[in-house]
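Written out below as structure tokens is the structure these notes cover.
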Amino acid sequence: MKKFEKILDTGMRFIMAVFMLALVLGGTWQIFTKMILNNPSTVTDEFLRYVLIWASLIGSAYCFYRDEHLSLDLVKDRVHGPAAVVLTIFIEAMILFFVGYVFVYGGWKLTVNATNSSAVTRIPFKFLYSIVPLSGIFIVVARILKYVQLFTDKKGEGK
């Protein structure tokens, strides 16, 4: 299990690093073409828009994996004892339901049904939208790994 977690962590960090490098290089090229050549690149503009979306969705999946995602703990912090356990299970179930239904299922339907291409780069939207179910799968796997880790840690404490 630890080996799988290491591969997942390394893979997601590598993907994010590639996207960040693409953003830096593309942004630099866009500035160069606009300021020096007085002819901004429309391909770079569209490319940067899509890479930013991809980087954001993979980054959010990585935050779920590292359990460092943004959450509102207003109610959760005020509840203690058995009610806190029930509330935590409910919140985690809602996260899995939302991600599974909206990101994985809805994103898959969006990807499959996309028929257009981007205006400038002519990249099919099927490819561009594929990040939605992919990031959803990453989030679901991250949460399942967290549950397995919590269960094995609790089980190990009793020995």
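Each residue takes its place number in the sequence, starting with 1.
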Do [X] and [Y] land in one hydrophobic cluster if side-chain heavy atoms of ILVMFWY residues count as linked below 4.5 Å?
X	Y	result
Leu23	Ile123	yes
Val140	Tyr147	yes
Phe14	Leu25	no
Tyr62	Ile144	yes
Ile53	Val120	no

* **By side chain to side chain contact (heavy atoms under 4.5 Å, CB included) - contacts of Phe47 (at least two apart)** => Ala22, Val51
* Asked: Do the side chains of Ile58 and Ile15 get nearer than 4.5 Å, heavy atoms only?
  -> yes
* Asked: Hey, does Phe19 have a side-chain heavy atom less than 4.5 Å from the side chain of Leu52?
  -> no
Tell me the closest heavy-atom pair linking [X] and [Y], and the distance in Å.
X	Y	result
Thr44	Ser41	OG1-OG, 2.8 Å
Pro124	Ser117	CA-OG, 3.9 Å
Ile139	Ala61	CG1-CA, 3.6 Å
Glu46	Thr121	OE2-OG1, 2.8 Å
Trp54	Phe127	CZ2-O, 3.2 Å
Pro40	Gln30	CB-NE2, 3.9 Å

Rounded distance (nearest 0.5 Å) linking atom [atom1] of [X] with atom [atom2] of [Y]:
X	Y	atom1	atom2	value
Trp29	Ile36	CH2	CD1	11.0 Å
Lys146	Tyr65	NZ	OH	13.5 Å
Phe138	Ser60	CZ	OG	11.0 Å
Ser130	Leu57	OG	CG	10.5 Å
Ser118	Arg49	OG	CZ	9.0 Å
Asp45	Lys34	CG	NZ	9.0 Å

* To do: Under the side chain to side chain contact (heavy atoms under 4.5 Å, CB included) rule, what do Leu8 and Met12 come out as? Steps first, then yes or no, please.
  => CA-CA 6 Å; Leu8 184 67; Met12 288 174 59; 3.9 Å; yes
* Could you tell me whether the side chain of Thr10 and the main chain of Ile7 form a donor-acceptor pair under 3.5 Å? => no
* Asked: So, Arg143 side chain and Phe64 main chain: donor-acceptor pair closer than 3.5 Å or not?
  -> yes
* Structure fact -> So salt bridge (Lys or Arg N to Asp or Glu O under 4.0 Å) across residues 21-30, not counting sequence neighbours, yields none
* To do: Start with the C-alpha gap between Leu87 and Val79, add the side-chain angles, then the distance that decides, and say whether side chain to side chain contact (heavy atoms under 4.5 Å, CB included) holds.
  => CA-CA 8 Å; Leu87 181 62; Val79 178; 4.1 Å; yes
Scan the side chains in residues 93-115 for donor-acceptor partners under 3.5 Å anywhere in the protein, sequence neighbours excluded, and list what turns up.
from: Thr111; atom 1: OG1; to: Gly107; atom 2: O; distance (Å): 2.7
from: Thr111; atom 1: OG1; to: Tyr129; atom 2: O; distance (Å): 3.2
from: Asn113; atom 1: ND2; to: Lys109; atom 2: O; distance (Å): 3.1

* To do: Give the C-alpha distance, both sets of side-chain angles, the deciding distance and a yes or no for side chain to side chain contact (heavy atoms under 4.5 Å, CB included) between Phe4 and Leu145.
  => CA-CA 10 Å; Phe4 177 72; Leu145 285 174; 4.0 Å; yes
